[in-house]
2 protein chains.
Amino acid sequence: MRFFAHSPEQIIPAFKVLGEPSRLRILCGLGLECRPVTDIIQATGLGQTNVSFHLRVLREAGFVRAERRGSFIYYCLADTELLRILHDLKQWLDTYQTQGASGARKRRRPAGRHRAAAQPKEAGN
Amino acid sequence: MRFFAHSPEQIIPAFKVLGEPSRLRILCGLGLECRPVTDIIQATGLGQTNVSFHLRVLREAGFVRAERRGSFIYYCLADTELLRILHDLKQWLDTYQTQGASGARKRRRPAGRHRAAAQPKEAGN
DNA sequence: TATTTATATGAGTAATTATTAATATCAGGT
DNA sequence: ACCTGATATTAATAATTACTCATATAAATA
């Protein structure tokens, strides 16, 4: 089954990293700025060792960079382009999640199929 | 801490859904076509009930649509635009993951900071 | 040198979720 | 009506990972 132009094996670990709510909150919280760890701890309400753990996972995955400034370590997004991608997904969700399978607002589903299935359950198994 | 233009709370559940490797493989395997469940089972090597479970999660999250055709249920991506977003992330990873924090190929990090921190560990705690 | 603050790591535990087994339900064919 | 194949659901178990606790390490300050 090969219909994605590329194997998904590369994006799989990236999505695993981003699939943790705490890490996504940390990432989005950084935004366009660099923040010291103490800031991130305060803003997220997570424990210090938990924040440190998630930052290490984000750093090793290449999503953030660390910069030491004196005794503080500042974390920044590796590239703010990542925010655009997250934003694109949010906009996609705005369109397709609300509509669900009941028909896209922006893109019409191809006609001519059998009558569109209701959700399988509703259709009876 | 508010630097993402939007709260991440909307994309968090979406990333949780996509953060499971099996579901990402199913999604990418669909690509531009609709596939019956039997196909997906075969292509992924996952158990039938496991595939059914993941398809339900993907459907409820709005990523795929189900269409019954006779006794077969075909699953399609809700919108192929999603593939573009996944592709964008892959390209971003191509640039930033390999480079890590050692400097972007495409985008220069602003100069003028303290000397760039090594990874924190290497810098000593 | 000692102390304080910042931050990382290892080990253990708690929580979450993927997977499997068993079974139910549905559509189509005989 | 019965049988077959397709597919969903429930419950139990296995696997993974988030979180906490304790502690180590590093930089700055006294």
Side-chain angles (χ1 to χ4, degrees), chain A residues 12-27 34-61 64-76 101 114-125, chain B residues 12-27 30 34-61 64-76 101 114-115 117-125:
Chain A
I12 279 172
F15 272 99
K16 282 187 81 162
V17 169
L18 298 178
E20 223 304 302
S22 300
R23 286 197 286 277
L24 211 45
R25 288 192 181 101
I26 291 174
L27 211 61
C34 299
R35 317 302 290 187
V37 178
T38 44
D39 245 25
I40 297 169
I41 292 165
Q42 224 168 33
T44 59
L46 298 169
Q48 179 268 309
T49 55
N50 199 16
V51 168
S52 191
F53 163 72
H54 286 305
L55 284 170
R56 176 168 62 83
V57 173
L58 286 167
R59 189 179 69 240
E60 288 178 357
V64 301
R65 263 190 329 259
E67 295 177 8
R68 181 180 276 280
R69 300 180 199 172
S71 48
F72 286 81
I73 302 187
Y74 280 69
Y75 280 86
C76 334
H114 288 258
R115 58 188 279 264
Q119 297 308 318
K121 176 61 176 170
E122 287 144 28
N125 183 64
Chain B
I12 278 171
F15 271 100
K16 281 187 83 166
V17 169
L18 299 178
E20 222 304 302
S22 300
R23 286 196 286 276
L24 211 45
R25 289 193 180 99
I26 290 173
L27 212 60
L30 289 176
C34 300
R35 318 302 290 186
V37 178
T38 42
D39 247 25
I40 297 168
I41 291 165
Q42 223 168 33
T44 58
L46 298 168
Q48 180 267 310
T49 55
N50 200 15
V51 168
S52 191
F53 163 74
H54 286 306
L55 283 171
R56 177 168 63 84
V57 173
L58 285 167
R59 189 179 70 240
E60 288 179 356
V64 301
R65 262 191 328 261
E67 295 176 8
R68 182 181 274 279
R69 301 178 198 173
S71 48
F72 286 81
I73 303 186
Y74 280 70
Y75 280 86
C76 334
H114 288 257
R115 58 188 279 263
Q119 298 307 319
K121 174 62 177 175
E122 289 144 27
N125 184 61

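Letters go in sequence order (proteins before strands), and every chain restarts at 1.
- Taking side-chain N and O atoms only, B/Y74 has no distance below 4.0 Å to OP1 or OP2 of D/dA6.
- The distance from atom CZ of A/R59 to atom OH of A/Y75, rounded to the nearest 0.5 Å, is 4.5 Å.
- Between the side chain of B/R65 and the backbone N or O of B/E67, no donor-acceptor pair lies under 3.5 Å.
- Under the 3.5 Å distance criterion, the side-chain polar atoms of B/R35 are left unmatched by any main-chain donor or acceptor of B/V37.
- When the side-chain nitrogen and oxygen atoms of B/K16 are compared with OP1 and OP2 of C/dT16, none of them lie within a distance under 4.0 Å.
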B/L30 vs B/I40, side chain to side chain contact (heavy atoms under 4.5 Å, CB included): CA-CA, chis, key distance, verdict: CA-CA 8 Å; B/L30 289 176; B/I40 297 168; 4.0 Å; yes

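- Regarding A/F15, its CZ atom lies at a distance of 20 Å from the C1' atom of D/dT16, rounded to whole Å.
- Distance from the side chain of A/S22 is smallest to D/dC19 among C/dA6, D/dC19, C/dT19.
- Rounded to whole angstrom, the span from the CD1 atom of B/I73 across to the P atom of D/dG5 amounts to 18 Å.
- In terms of position along DNA chain D, the nucleotide closest to B/V37 lies nearer the 5' end than the nucleotide closest to the other residue of the pair B/V37 and A/E20.
- Proximity of A/R23 to the phosphate of D/dA18: a side-chain N or O atom is located under 4.0 Å from OP1 or OP2.
- Distance alone, capped at 3.5 Å, places no donor-acceptor pair between the A/S52 side chain and the A/Q48 backbone.
- Distance alone, capped at 3.5 Å, is enough to place a donor-acceptor pair between the A/R23 side chain and the A/V17 backbone.
- Shown for residues 49-56 of chain B: residues whose heavy atoms fall under 4.0 angstrom of DNA chain C, namely B/T49, B/N50, B/F53, B/H54.
- Nucleic acid contact class of B/Q48 (heavy atoms, under 4.0 Å, all strands): base.
- For D/dT7, neither phosphate oxygen OP1 nor OP2 lies less than 4.0 angstrom from any side-chain nitrogen or oxygen of B/R68.
- Atom CD1 in A/I26 sits roughly 12 Å away from atom C1' in D/dA18 (whole-Å rounding).
- The distance from atom OG1 of A/T44 to atom CG of A/D39, rounded to the nearest 0.5 Å, is 10.0 Å.
- Between A/R69 atom CZ and D/dA28 atom P the separation is 14 Å, expressed in whole Å.
- Summarising the geometry, the separation between CZ on B/F72 and P on D/dT4 is reported as 16 Å, rounded to the nearest angstrom.
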